[in-house]
2 protein chains.
Amino acid sequence: MERVSSDTVYEGQVFAVRKDTFRSPGGSEREREIVDHPGAVAVVAYDDERFWMVRQPREAVGEDALLEVPAGKLDVEGETPLQCAQRELEEEVGKRARDWREVKRTYTSPGFADEEVTIFFATGIEEGDDAEGEEEDLEVVEVPLEELEQTIAVCRDAKSLIGLLLFAAERDSG
Amino acid sequence: MERVSSDTVYEGQVFAVRKDTFRSPGGSEREREIVDHPGAVAVVAYDDERFWMVRQPREAVGEDALLEVPAGKLDVEGETPLQCAQRELEEEVGKRARDWREVKRTYTSPGFADEEVTIFFATGIEEGDDAEGEEEDLEVVEVPLEELEQTIAVCRDAKSLIGLLLFAAERDSG
């Protein structure tokens, strides 16, 4: 599959839209509309007793307080996914973590968007400089580990579900 | 949170882009760029020995053969998510299922897209009319149940990961 042309048809603040033409090995051509997104990170941060979630308004899906793991866009030039995850955990939850492990890179909507989310497990939790996280409109939620399954049951955000389900699978197999 | 204005800034084949302005209960306004998508379905279809996956080119993420569960867009007027899932399983894999269970509704990218994916478990598998699925560029993959964990390890598609992880959790707890 080879890209033979690319036109930017919309240029926004958070993403752009391209119309790209691809040629298959057999020679046929197809056009695809693609949301061009910088990518994102998500963090399952936990200790022996709890893990941390956030609630925030998600206007795109009509939710006033969607429950998610700490996360954010790769929107700082030159920042790696790990650095972005460390920054987001401190900004959103007010915590740092000594130990970081990348557990999955996932495409959220590969049919029409290039967004890739890198999911980390973060342990060895310490207080950050921004005590408690200071983002407007964002509520930090400490969830006891015993409520992991109920949290998965009510969670609707894809990156969070993948992170929490991987976390649950590891706890069950350990 | 109340939407006070909405402008369509791009109108494509698969999705549109809107710029909407929202007013918070406190009175502040914010603008959001939103990918307006019809939504989709995904199916974990399995029997006592195997489950079914597909491989297909996903140009948006530069993959020639991305491994996913059978899935598709809600692009037929008046079709429910369940009807869409039944159609997609037959079109893509050439199978029907007697028993269907909705297990999750998930937002794939709630920061910038309204796409919601409804995930089903399908059992009681029977041959469909389109033997083996007849979509161009799509390869059907029968995976033995013993390879569920390896499949999760290599899978990168978000809706498929959620479906397979929920399936694995149910098998472990059963």
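Residue numbers start from 1 in every chain, and the chains themselves are labelled A, B, ... in the order their sequence lines are given, proteins ahead of strands.
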Taking side chain as everything from C-beta outward and backbone as N, CA, C, O, which of these in A:R32 sits under 4.5 Å from a heavy atom of chain B? Side chain, backbone, both or neither. side chain

Can you say whether A:R3 sits under 4.5 Å from chain B via the side chain, the backbone, both, or neither, judging by heavy atoms? neither

Is there a chain of hydrophobic side chains (I, L, V, M, F, W, Y, each step under 4.5 Å between heavy atoms) that links B:L164 to B:L67? yes

Flag the one option from A:S24, A:P25, A:G111 with the top tally of heavy-atom pairs under 4.5 Å to chain B. A:G111

Does A:H37 reach the side chain of B:F112, with side-chain heavy atoms less than 4.5 Å apart? yes

Among A:T106, A:V17, A:V61, single out the residue with the greatest number of heavy-atom pairs under 4.5 Å to chain B. A:V61

Residue-level interface, residues 117-126 of chain B with chain A, non-hydrogen cut-off under 4.5 Å: none

Any donor-acceptor N/O pair, B:K159 side chain to A:T108 backbone, under 3.5 Å: no

What residue in B:G12, B:G26, B:A71 has the most heavy-atom pairs under 4.5 Å with chain A? B:G12

Just to verify, which of A:E59, A:R156, A:E63, A:E68 counts as forming a side chain to side chain contact (heavy atoms under 4.5 Å, CB included) with B:P110? A:E68

Nearest non-hydrogen partners of B:P57 and A:R30, listed with the distance: CG-NH1, 3.8 Å

Heavy-atom count around B:E79 CD within 6.0 Å, excluding the residue itself: above 12? yes

Write out, in numerical order, the residues from residues 40-54 of chain B with a heavy atom short of 4.5 Å from a heavy atom in chain A. none

Are there more than 12 heavy atoms of other residues, nucleotides or ligands under 6.0 Å from atom CD of B:E102? yes

Should A:V69 and A:V143 be counted in the same cluster of Ile, Leu, Val, Met, Phe, Trp and Tyr side chains packed under 4.5 Å apart? yes

With a 4.5 angstrom heavy-atom cut-off, which part of A:A153 approaches chain B: side chain, backbone, both or neither? backbone

Same apolar cluster: A:F22 and A:V4, side chain cutoff 4.5 Å: no

Residue of the set A:L166, A:L165, A:I162 for which side chain to side chain contact (heavy atoms under 4.5 Å, CB included) holds with B:L161: A:I162

One should read off an interatomic distance between A:Y107 OH and B:S109 OG, to the nearest 0.5 angstrom, of 14.0 Å

Chain B contact via A:K73 - side chain, backbone, both or neither, heavy atoms under 4.5 Å: neither

Can you tell me if B:E33 uses its side chain to pair, donor with acceptor, with the backbone of A:V14 under 3.5 Å? yes

Can you tell me which portion of A:F15 sits under 4.5 Å from chain B's heavy atoms? Options are side chain, backbone, both or neither. both

Atom group of A:E116 that falls short of 4.5 Å from chain B, counting heavy atoms: side chain

Under a 4.5 Å side-chain heavy-atom rule over Ile, Leu, Val, Met, Phe, Trp and Tyr, are A:L148 and A:V141 clustered together? yes

State yes or no: do B:V103 and A:I152 share one hydrophobic cluster built from I, L, V, M, F, W and Y residues joined by side-chain heavy-atom distances below 4.5 Å, directly or via other members? yes

